[in-house]
Amino acid sequence: MTSPQPTDAHLRLAHSLFEEIAMRDFSKRQRSIIDLVLRLSWGCGKKAWMYDGYADFEAVGVYRNVVSEELQYLERNQVIRWFPEYRIVMLNKHFDDWTIARKKKSSSEHMKKLVNASLQNIEVTNVLLSTLLQNIDANNESLSGTIKNMTGDNKKYDGDNSSTPCGSKDEEGSKESILNKSFKISSSTNEIHTGIGINDTVLEEESELSEMDLTLRRVEEKMIAKTGRMYYLKGDEPKNIHSFLLSGGTVDMLLAAIDESFDQYQPRYPTDKITSVNYCLTFAWKKLERDRAIGNGKDAQPMPTRSQPQQKQRRGNVVPMVDKLPASVQWQIEQEQAGANLAREAKSINDFPEMAERLKRLRSRA
């Protein structure tokens, strides 16, 4: 049975900040994210955590498809500082800047009273608990020993005496899980600046991932950066990427093709957008063919760009709408307009010689 001790490695957190986190109206997912960030930043002797991917947040039960949304919400409310392009997140310890409201009925004054009362009855609580432990049945000795250890720990607690802030032990070896994996920031003060570059960090890749898995992860991250939303490879996309790499393509060529496809894409209608890596793979194959042509001494033709958006094709039996009347209706309108014009121009029967001649013969017969 586990028995955590105060002398074990632990997270040093100011009581005022801990109380503020407990009183703010965070959702369960947001609180899990905050706890994870604290564990892997301050809990590892750093001011920030550099995560490998959104899948790392699943260590505390937060699904990867909601991580970006929750991080954006926490950043808007100034709870965290997030640098998505470098996968770095840190907690803003200045909780006066937080814009998330407190929970209903939460009160700092009430919390202070509870703290004072708890400090005043330390001896009474310990004596009462010792008396209760003595009355435990012999069948619960294992449970009694565990509780006694907890009681004794409260008397001798004196803060963080651990020399390993991450909680790792030297004799356990260097292998770490995703949750305990840390990244070193090349700065003596561990300060995080908005202008931090890729060269300022040293990334330790997870040894369990294969080269192909890392390639697929890089493609997903590139699509996330381009689309602005979560993206996961689906269907035959991993197989098509694998085929491209086996044919001589490189990861950098594929990532460059994704950039090129998004830069040259012209939507046919407002909501039209790129939704698949397979579309970007066509650019990657053309890049590969051009490189092969150059290698063989042939003239490589530049890939044509689409200057005009393609006209939307007719689908099914739907008749496209045209801004033109049928020929018969148009003829009728023209005849009516011509007749109206003649009516407006005619002033007497003498203006129509034939009609005047007929009228004259009718009168002569009478």
Side-chain angles (χ1 to χ4, degrees), residues 50-59 63-68 83-88 174-179 181-184 197-268 272-306 310:
M50 185 176 181
Y51 55 90
D52 194 19
Y54 290 147
D56 291 351
F57 291 81
E58 294 182 350
Y63 293 118
R64 65 179 71 180
N65 59 334
V66 299
V67 171
S68 177
F83 307 92
E85 60 274 20
Y86 304 117
R87 302 190 302 276
I88 292 178
S174 60
K175 187 175 180 180
E176 296 176 321
S177 63
I178 295 179
L179 178 61
K181 183 173 53 178
S182 63
F183 301 90
K184 300 178 181 179
I198 294 295
N199 294 329
D200 297 331
T201 61
V202 178
L203 178 62
E204 298 178 1
E205 295 289 356
E206 188 178 356
S207 58
E208 289 80 1
L209 291 178
S210 63
E211 184 177 355
M212 187 60 191
D213 292 335
L214 293 175
T215 299
L216 298 180
R217 176 178 296 182
R218 291 184 63 185
V219 173
E220 287 181 343
E221 292 176 351
K222 173 63 72 173
M223 291 296 294
I224 291 172
K226 285 297 182 180
T227 60
R229 56 187 301 178
M230 290 302 300
Y231 187 90
Y232 302 104
L233 295 175
K234 55 188 178 294
D236 58 350
E237 291 176 346
K239 182 183 67 175
N240 294 337
I241 294 174
H242 187 62
S243 300
F244 174 75
L245 297 178
L246 291 178
S247 300
T250 63
V251 180
D252 294 336
M253 186 182 298
L254 177 57
L255 298 180
I258 295 176
D259 290 331
E260 185 177 359
S261 63
F262 275 86
D263 293 340
Q264 296 189 10
Y265 185 71
Q266 294 183 358
R268 294 175 294 178
D272 190 17
K273 56 187 177 181
I274 298 176
T275 59
S276 175
V277 174
N278 289 332
Y279 175 83
C280 305
L281 277 171
T282 58
F283 288 77
W285 281 107
K286 291 179 181 179
K287 278 180 171 291
L288 182 59
E289 292 175 0
R290 291 202 306 271
D291 291 348
R292 288 176 177 175
I294 294 174
N296 295 331
K298 299 179 181 179
D299 295 332
Q301 298 295 330
M303 186 162 51
T305 58
R306 189 170 59 186
Q310 295 182 356

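These numbers come from a predicted model, not from an experiment.
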Could you give the side-chain donor-acceptor pairs of residues 248-259 under 3.5 Å, partners two or more places apart or in another chain?
unit_1 : atom_1 : unit_2 : atom_2 : d
Thr250 : OG1    : Met253 : N      : 3.1
Asp259 : OD1    : Lys222 : NZ     : 3.4
Asp259 : OD1    : Lys226 : NZ     : 3.2
Asp259 : OD2    : Lys222 : NZ     : 3.4

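- Residues meeting the side-chain contact (heavy atoms from CB on, under 4.5 Å) test with Asn278, sequence neighbours left out: Asp236, Glu237, Asn240, Ser276, Leu281.
- Among residues two or more places apart in sequence or in another chain, the side-chain hydrogen bond (donor to acceptor under 3.5 Å, both in side chains) test is passed with Ser68 by Gln72.
- If you take OG1 on Thr227 and NZ on Lys273, they are separated by 8.0 Å, rounding to the nearest 0.5 Å.
- Residues forming a salt bridge (Lys or Arg N to Asp or Glu O under 4.0 Å) with Asp263 (at least two apart in sequence, or on another chain): none.
- Under the rule for a side-chain contact (heavy atoms from CB on, under 4.5 Å), the partners of Pro84 that lie at least two apart in sequence or sit in another chain are Trp82.
- In this structure, the separation between OG on Ser247 and CG on Leu288 is 7.0 Å, given to the nearest 0.5 Å.
- For the pair Ile241/Leu233, a side-chain contact is recorded, criterion being any heavy-atom separation below 4.5 Å from C-beta on.
- Evaluation of the ring pair (Phe, Tyr, Trp, His ring centres under 6.0 Å) test over residues 221-246, restricted to residues two or more places apart or in two chains, returns Phe244-Trp285.
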For this session: In sequence, state the C-alpha distance, the side-chain angles, and the governing distance for Leu245 and Met212, and then conclude on side-chain contact (heavy atoms from CB on, under 4.5 Å).
Result: CA-CA 10 Å; Leu245 297 178; Met212 187 60 191; 4.0 Å; yes
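- To the nearest 0.5 Å, atom NZ of residue Lys286 and atom CZ of residue Arg290 are 9.0 Å apart.
- Here Arg218 pairs with nothing under the side-chain hydrogen bond (donor to acceptor under 3.5 Å, both in side chains) rule; sequence neighbours left out.
- A distance below 6.0 Å separates the ring centres of Tyr279 and Tyr265.
- Residues Pro238 and Gly235 approach most closely at CD-O, 3.7 Å, considering heavy atoms.
- In this structure, CZ on Phe283 lies 10.5 Å from CZ on Phe262, to the nearest 0.5 angstrom.
- Applying the 6.0 Å contact sphere to NZ of Lys239 captures no more than 12 heavy atoms from other residues, nucleotides or ligands.
- Thr275 and Lys234 make their closest contact through O-NZ, 3.3 Å (heavy atoms, listed as atom of the first residue, atom of the second, distance).
- At distances below 3.5 Å, not a single donor-acceptor pair connects side-chain atoms of Arg64 with backbone N or O atoms of Tyr54.
- Taking the side-chain contact (heavy atoms from CB on, under 4.5 Å) definition, one finds that Glu289 meets it with nothing, sequence neighbours left out.
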